[in-house]
Amino acid sequence: MNKAQAQKHIERLRKEINYHNYRYYVLNDPIISDFEYDKILKQLIELEKNFPELITPDSPTQRVGGEPIKEFKSVIHSPQMLSLDNTYSYDELREFDNRIKKTVSNINYIVEQKIDGVAVSLKYADSKFVQGATRGDGTTGDDVTVNLRTIKSIPLYILQLDKLLKDFEVRGEVFLTKKQFAQLNQEREEQGESLFANPRNAAAGSLKILDPKIVASRKLDIFIHTIPIPPAKKFTSDCRTLEVLKDTGFKIIPHSNLFNSIEKVIDYCTEWDEKRHELPYEVDGMVVKVDDYATRIRLGETGKSPRWAVAYKYPPMQATTKVLDVIFSVGRTGVVTPVAAMDPVFLSGSTISHSTLHNFDEVARKDIRINDTVIIEKAGEVIPQVVKVIIEKRPKNTKKLRPPTKCPVCHSKIFREADEVAIRCINVSCPAQIKGRLAHFSYRSAMDINGLGFVMVDTLVEKGLVKDFADLYFLKFKDLIKLERMGEISVQNLLDGIEKSKNQPYNRVLFAFGIRHIGIHAAHLLVSRFPSIDKLSKTTFDDISCIRGIGPTVAESVINFFKDKENRQLIDRLKMVGLRFSEDITKKTDQPLINKSFVLTGGLKNYTREQASEIIVNLGGNVSASVSKKTDFVLTGTEPGTKFAKAKALGVKIISEDDFVKMIKIKK
Ligand code: IVH
């Protein structure tokens, strides 16, 4: 096949793939199997491999191809990305209608779900997706094109049905489904990372990540609702626009509806107040907009929001129930968490019978007692929490809830560290902690042991078969087969899973120990600096705390862990069974810029910014987006930006490109 033939073939495949993406991700109605889809995609990948010069950014193969970027550029929005005035009652909606009626009499309102997501703008040139940006302050946002390209429901090249849209902008909401959100938080919990409070925060946080590969793993989605400058005469109303958007391959919000009176609008809002909980994504209200564009122009806008649209926000869904008991749950680090057991109650889509009360300060602040009637609501519609106690309904003789003085599981004494809200059982042999540690050890992101879930861990500890991680590797078929509900196949699966875990790399092993404050990221940093556990166990507090990205808390925790004789013995036993305690890294012997932090500003003569950054990183340094006191060097090219001034103000060393060239030559 010659280049011209390849080009033709590639174009045909891309069209085909784009169409099937549209069927799958936008219409939710695929017409070919995943297998057939993969076959076409593979053909395209193969052809692009043979003719790399034919790869273009809008190829469906490029959705996750991008390398991490250093910083987001700014994008100016024109026109400004407006926001909406909020209303919280139907009377306020009626007032909105009355205001409009002063200017125009016959009105059609288009009513749409208000998506609880992150507002973005997408620009297309010659039908190709060329730039995507966050709303920012409405005037200036961040260029997050590489991240938005990972969203499969954003067409990279639009289907030209009637050639109406070529150079244009659309706006919409990036969101995470409730399911993706729950999965993401579960993974973060497994990895010891902080949890997102709700899907919106998770979506916003994801768009800020500089590595598009991580963003792709978040599986963001988008709804498009606006064309800020309708490009052709045919766009006379929102209704019509939405039809064209849908036909050209955009995912629009389902169930939008047209009404000719505010009372019908209100009925529709009421209808969705209940039904929204069945949707796979979060809806926090309804948006009511004048449908006709000429009328919109007549109504105009105030500084920040249009006069022709308003948001009706649903009150947070709450329910009243009774606290039947407060249970103290002990986690793997010994933290004792109060959990309310409640009279089961249905709230926004699910039945709730338990709610974490977080800690005892929170319990005291809200004065939650057993037998209290409480109002609960779902934080981000997912995690239930107690909002407040209805004091009037409190029965007589209830008692203030006191933190336990003894561990509810092992009965040893409980402590509270001065700077912490949490209280802890510090007996490392407490069965609750042992179970928690073993479950953590077995997590997918740690040793990933097939067959060793929480129930299995519970059984193994209760039966006295396992007390620490090393015991897992000495489990025998004859002991496991005696356990209830364990057949030959499940026993063998578990033993195979345990055996296979011996191949996990050292950084996962270190993370799997569940040392306090050591998440997957810290484990990674420690391993890159100390490529074996022998080196790590002999190091000092200062050597750890000077690693960039690791602070004194982590350093102290590592030192304490290795001080403990039992931990050292555990490591020896795990070494004996063959776990990996060193990393086979091809060590870069020459890292003269080790731990030196650079910021780049302005254009360079000899390198692109990416090339300069790569050189710095390869020599052991790192590159940040903004200047701070911790910056070692600001590398300044032609037409430097504000970073130059900031560096001067902070007294950070400024170097020219010539200095940089000398620096890397001498160092080499
Ligand atoms: S129309 C002038 N429709 O809500 C802005 N916005 O609180 C016209 N939003 O900034 C926006 N769902 O990002 C519109 N169906 C919907 C929406 C929606 C969510 C966002 C939008 C806006 C914010 C205002």
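Counting starts at 1 for both ligands and their atoms, in listed order.
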Min over Ala119, Pro306, Gly117, Ala309 of heavy-atom distance to atom 2 (C) of ligand 1 lands on Pro306

Should Arg94 and Glu263 count as an ion pair when the cut-off is N to O under 4.0 Å?
-> yes

For atom 12 (N) of ligand 1, what is the nearest protein heavy atom, given as residue, atom name and distance?
-> Ile115 N, 3.0 Å

List the closest protein heavy-atom neighbour of atom 10 (O) of ligand 1: residue, atom name, distance to the nearest 0.1 Å.
-> Leu82 O, 3.6 Å

Within the 4.0 Å heavy-atom cut-off, what Asp116 brings close to ligand 1 is neither

Can you find an N or O of Ser83 that's nearer than 3.5 Å to an N or O of ligand 1?
-> no

Ligand 1-proximal atoms of Val287, by part, heavy-atom distance under 4.0 Å | side chain

When you measure from the side chain of Glu36 to the backbone N and O of Ser33, does any donor-acceptor pair fall under 3.5 Å?
-> yes

For the pair Arg171 (side chain) and Val120 (backbone), establish whether a donor and an acceptor sit closer than 3.5 Å, ignoring hydrogens and angles.
-> no

Measure from the side-chain N and O atoms of Arg296 to the backbone N and O of Val290, and report whether any donor-acceptor pair falls under 3.5 Å.
-> yes

Would you call the rings of Phe259 and Tyr268 parallel, tilted or perpendicular if under 30° counts as parallel and over 60° as perpendicular?
-> tilted

Applying a 4.0 Å heavy-atom criterion (strictly less than), which segment of Met81 is in contact with ligand 1: side chain, backbone, both, or neither?
-> neither

Cationic tip of Lys251 above Phe223 ring, under 6.0 Å, 45° of axis = yes

Side chains of Tyr293 and Asp238: donor-acceptor distance under 3.5 Å anywhere?
-> yes

Would you say ligand 1 has an N or O under 3.5 Å from any N or O of Arg135?
-> no

For ligand 1, is there an N or O atom under 3.5 Å from any N or O atom of Trp308?
-> no

Take the angle between the ring planes of Phe168 and Tyr124 and call it parallel below 30°, perpendicular above 60°, tilted in between.
-> parallel

Taking the non-hydrogen atoms of Glu301, is any one of them nearer than 4.0 angstrom to ligand 1?
-> no

Under 3.5 Å between some N or O of ligand 1 and some N or O of Gly172?
-> no

List every atom of ligand 1 that sits less than 4.0 Å from any heavy atom of Ile253, numbering the atoms from 1 in the order shown and giving each element.
-> 15 (N)

With distance as the sole criterion, is a donor-acceptor pair present between the side chains of Gln113 and His255 under 3.5 Å?
-> no

Is Lys289 in contact with ligand 1, taking contact as a heavy-atom separation below 4.0 Å?
-> yes

Considering only protein heavy atoms, which is closest to atom 20 (C) of ligand 1, and at what distance to one decimal place?
-> Glu173 OE2, 3.0 Å

Would you tell me which option among His225, Lys313, Lys114 has the nearest heavy-atom contact to atom 14 (C) of ligand 1?
-> His225

Just need the protein heavy atom nearest to atom 15 (N) of ligand 1, so name the residue and atom and give the distance.
-> Glu112 OE1, 2.8 Å

Check whether the side chains of Thr56 and Lys128 place a donor and an acceptor atom closer than 3.5 Å, and report yes or no.
-> no

Identify the closest protein heavy atom to atom 8 (C) of ligand 1: which residue and atom is it, and at what distance?
-> Leu84 CD2, 4.1 Å

Closest heavy-atom pair, Ser83 versus Pro306, reported as atoms and distance to 0.1 Å, is O-CD, 3.3 Å

